[in-house]
Asker: 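After the structure tokens below, expect a handful of questions from me.
This one's a predicted model, so the numbers in the text were calculated from it and none came from an experiment. Positions are given from 1 along the sequence.
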Amino acid sequence: MLFLYYSQVNALADCNMELPQINQVHKLLLTAFVFFFLACLGLSFPLEPPGNNRQWHMTSDVKEVAGKSYDYIIVGGGTCGCPLAATLSEKFSVLLIERGGSPYGNPLVIDRRYYGFPLIKTDKYMSVAQSFTSEDGIGNVRGRVLGGSSAINGGFYSRASEEFVCKAGWDKELVKEAYEWVESKVVFPPFYLSPWQSVAEFSILEAGVLPYNGFSLEHIKGTKISGSVFDEFGKRHTSADLLNAGNPKNLTVLLNATVKSIIFHHSSYRNETRAKGIRFIQSNGTLDETYEAYINKAKNSSSRGDVILAAGALGSPQLMMLSGIGPKEQLRRFNISIVREMKGVGQGMQDNPCIAVLVDSKPQNRLPDPPQIAGITDDFKIIVEASIFPLSSNSSRVNVAAKIAMPTSKGVLELNNTDPRLNPSVRFNYLASEDDMEECVKMTKLLERIARSKSISFFLGESKQEKLTSTDVDLRNFCKKNVRTIYHYHGGCTVGSVVDEQNKVYGIKGLRILDGSTFSESPGTNPMATILMLGRYQGLQILRERKADSGLNAKEQTK
């Protein structure tokens, strides 16, 4: 082990790293091996610091909420919904409704040692992850718990590129402020690198993914260590923790309740349709037992709140169609009354194609290990990470994976049925475009160099892996056969097609969508950071908008 440590630090020096960077790696690796040694002795560390800061009201009793009115109703207590609810509650009453349960007290969610377990322990209605298989035949999951996918993913935190922010038309300073707000509450620098992450770092550098950037939250070319929502105790901090920053007097969180449809009111006088509330059911109840909650009517003001969908890239387009907004053929097929025909709903679905290479020769009982390292290369088109992922409670595999960061292939989401608890039908059309296939061939060649590196061979105590394939034709076939998801799917309600730059749904008053369904590409190394930021950012924008509206109304009343 010590030989591995010193020989690989020398390898980093050969990559023309400067002395401060090498010193940083020395510290990280030394800490990693100390922790590894203690773990081998069977010692454990505190999983949760004492104290619980939650003051906001959380309930699973639908009758507590039924018939009540709120300034804002947010559908989906996930990665974006929680920071949005916390922000809006500073000034307004908010109902946050989540189809899943609480993450608190669930070791599969909170404990780093159980990374990956929620993805292999799923059921039809109540598990924290809901599995689905796309029409491409590739298995996938979506979050179904307060905190959403931030409660079940690898915890990797990395900001979007400046180019992405500019393209979105966002206020750069407010974006920075929103990122920092999130980071001050649920993001942590690496307390240590695990032995496998240390080896992965060296192997990616050995394969030529340069420069070495050390620790960085930015989306930059080369190899870097990034932030995580896992703290030094190995405890996960989900987006649900951001609710602690809200005004508890204004915040109600309803769990285990699934929204069935949006309630609309059409005014012939104003010739407008407005979202006025939601219909919902208990997640483990029947479709017939329906409850309602409403948006408050404005008092002494023309400004009023919104229903905001934050149900994710599958949930938001699905709910739009179940509520009568979408392609008319889809709505008629299920006898859904058309509120507004909108062809863009469900269109532009994308998932970043991923290839994962298993570097160990057989499953073993290794502790699961989420990614901490990223290699960003080929003009930001390929992103590499490594993990140890569980297959069962006592079996795991060591892998290196890469994704195509900017795929051009697109698919579609359609309804399967009218039960909002069940998955819609989705096809991503992985590698359908020639550009994506060519990128996959490049990506697989890079993964092969990483998998056959000296660093990995030494770590595993095994000889170098055999070459995966020999020709580009073989690599193309390998890509077709082995493409999978990296769980960064997006689209279905994209900006410019379904919503405007303020995330307002075209042609409908009082309805917004705020989640990954509005993205036409996945931001940065991993989308979680930007979706967390988006909740805070748009929440602040809405508060500014309401303040400006109230100022205008006050002026009109004094005339």
Asker: So do Ile295 and Val307 actually touch side chain to side chain, heavy atoms under 4.5 Å?
Answerer: yes
Asker: Can you list every pair that meets side chain to side chain donor-acceptor pair (under 3.5 Å) and has a residue in residues 316-329, with sequence neighbours left out?
Answerer: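 For residues 316-329: Ser316-Asp515.
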Asker: Would you say Leu309 and Met320 make side-chain contact, with heavy atoms under 4.5 Å?
Answerer: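 They are in contact (side-chain heavy atoms under 4.5 Å apart), so the answer is yes.
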Asker: From Thr133 OG1 over to Asn423 CG, what is the distance, rounded to the nearest 0.5 angstrom?
Answerer: 8.5 Å
Asker: Using a 4.5 Å cut-off on heavy atoms from C-beta on, say whether the side chain of Phe132 contacts that of Gln130.
Answerer: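 No - every pair of side-chain heavy atoms lies 4.5 Å or more apart.
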Asker: Give, for atom CG of Leu242 and atom OG1 of Thr87, the distance between the pair rounded to the nearest 0.5 Å.
Answerer: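 Those atoms lie 8.5 Å apart.
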Asker: So, using salt bridge (charged side-chain N to carboxylate O under 4.0 Å, His left out) as the criterion, who are the partners of Asp123 when residues are at least two apart?
Answerer: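 Only Arg144 meet the salt bridge (charged side-chain N to carboxylate O under 4.0 Å, His left out) criterion with Asp123.
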Asker: Would you say the side chain of Lys343 lies within less than 4.5 Å of the side chain of Gln347, judging by non-hydrogen atoms?
Answerer: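 They are not in side-chain contact.
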Asker: Flag the pair Arg112 and Asp369 as a salt bridge only when some basic side-chain nitrogen lies within less than 4.0 angstrom of an acidic carboxylate oxygen.
Answerer: yes
Asker: How long is the span from the CD1 atom in Ile278 to the OG1 atom in Thr290, to the nearest 0.5 Å?
Answerer: 11.5 Å
Asker: Testing the 3.5 Å rule here: is there a donor-acceptor pair between the side chains of Asp136 and Ser134?
Answerer: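 There is such a pair between these side chains.
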Asker: Quick one: do the Ser409 and Asn429 side chains pair a donor with an acceptor below 3.5 Å?
Answerer: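 The criterion, which ignores hydrogens and geometry beyond distance, is not satisfied for Asn429 and Ser409.
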Asker: If you take all heavy atoms of Ala313 and Gly516, which pair is closest and at what distance?
Answerer: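 Nearest pair, atom of Ala313 first, then Gly516: CB-C, 4.4 Å.
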Asker: Is the shortest side-chain N to carboxylate O distance from Lys276 to Glu292 below 4.0 Å?
Answerer: no
Asker: Within a strict 4.5 Å, meaning less than it, do heavy atoms of the Asn140 and Asp351 side chains meet?
Answerer: yes
Asker: Please name all residues satisfying salt bridge (charged side-chain N to carboxylate O under 4.0 Å, His left out) with Asp419, sequence neighbours left out, ordered by chain then number.
Answerer: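 Asp419 satisfies salt bridge (charged side-chain N to carboxylate O under 4.0 Å, His left out) with Arg421 once adjacent residues are dropped.
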Asker: For Ser283 and Thr258, test the side chains for any donor-to-acceptor distance below 3.5 angstrom and give the result as yes or no.
Answerer: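 On atom types as modelled, these side chains qualify, holding a pair under 3.5 Å.
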Asker: How about Glu183 and Leu217: do any of their side-chain heavy atoms sit closer than 4.5 Å?
Answerer: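 Of all side-chain heavy-atom pairs linking Leu217 with Glu183, at least one is under 4.5 Å.
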Asker: For Lys297, what residues pass the side chain to side chain contact (heavy atoms under 4.5 Å, CB included) criterion, not counting sequence neighbours?
Answerer: Arg304
Asker: Verify whether the ring centers belonging to Tyr157 and Phe230 lie closer than 6.0 Å.
Answerer: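 No: the rings miss the under 6.0 Å criterion.
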Asker: Any side-chain heavy atom of Arg484 sitting closer than 4.5 Å to one from Tyr487?
Answerer: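 A side-chain contact under 4.5 Å exists here.
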Asker: Output, in order, the C-alpha distance, side-chain angles, deciding distance and verdict of side-chain contact (heavy atoms from CB on, under 4.5 Å) for Ser387 and Asn399.
Answerer: CA-CA 6 Å; Ser387 68; Asn399 74 83; 3.2 Å; yes
Asker: Between Asn250 and Ser93, is any side-chain donor less than 3.5 angstrom from a side-chain acceptor?
Answerer: no
Asker: State whether a side-chain donor-acceptor pair under 3.5 Å links Gln538 with Arg512.
Answerer: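 No - no donor-acceptor pair under 3.5 Å links their side chains.
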Asker: Just say parallel, tilted or perpendicular for the rings of Phe188 and His237, cut-offs at 30° and 60°.
Answerer: tilted
Asker: Looking just at side-chain N and O atoms, do Arg159 and Asn526 make a donor-acceptor pair shorter than 3.5 Å?
Answerer: no
Asker: Using a 4.5 Å cut-off on heavy atoms from C-beta on, say whether the side chain of Asn106 contacts that of Val128.
Answerer: yes
Asker: Determine whether the aromatic ring centres of Phe164 and His219 lie less than 6.0 Å apart.
Answerer: no
Asker: Do Arg279 and Ser261 pair up side chain to side chain, a donor and an acceptor below 3.5 Å, judged on atom types alone?
Answerer: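 Side chains of Arg279 and Ser261: pair found under 3.5 Å.
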Asker: Nearest 0.5 Å, what's the CD1-NE2 distance between Ile531 and His488?
Answerer: 9.0 Å
Asker: List for me each residue that meets salt bridge (charged side-chain N to carboxylate O under 4.0 Å, His left out) alongside Glu501, sequence neighbours excluded, and say none if there are none.
Answerer: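 Glu501 satisfies salt bridge (charged side-chain N to carboxylate O under 4.0 Å, His left out) with no residue once adjacent residues are dropped.
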Asker: What is the minimum heavy-atom distance between Tyr115 and Pro371, and which atoms define it?
Answerer: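 Looking at all heavy atoms of both residues, the closest pair is OH-CD, 3.9 Å.
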Asker: For Tyr114, does the OH atom have more than 12 heavy-atom neighbours from other residues, nucleotides or ligands under 6.0 Å away?
Answerer: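 No - once you tally the heavy atoms of other residues, nucleotides and ligands closer than 6.0 Å, there are 12 at most.
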Asker: Is it true that Gln541 and Tyr537 share a donor-acceptor pair across their side chains at a distance under 3.5 Å?
Answerer: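 Result is yes, a qualifying pair exists.
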Asker: Checking side-chain contact (heavy atoms from CB on, under 4.5 Å) against Trp56, which of Leu243, Leu96, Thr252, Asn247 comes through?
Answerer: Leu243
Asker: Looking only at heavy atoms, what is the nearest atom pair of Gly524 and Ile383, with distance?
Answerer: O-CD1, 3.9 Å
Asker: Hey, could you give me each pair passing salt bridge (Lys or Arg N to Asp or Glu O under 4.0 Å) that has a residue in residues 70-90? Not counting sequence neighbours.
Answerer: Glu90-Arg536
Asker: Using 30° and 60° as the class limits, which term best fits the ring planes of Tyr72 and Phe92: parallel, tilted or perpendicular?
Answerer: perpendicular
Asker: Can you see which heavy atom on Asn296 is nearest to which on Ser69, and at what distance?
Answerer: OD1-CB, 2.9 Å
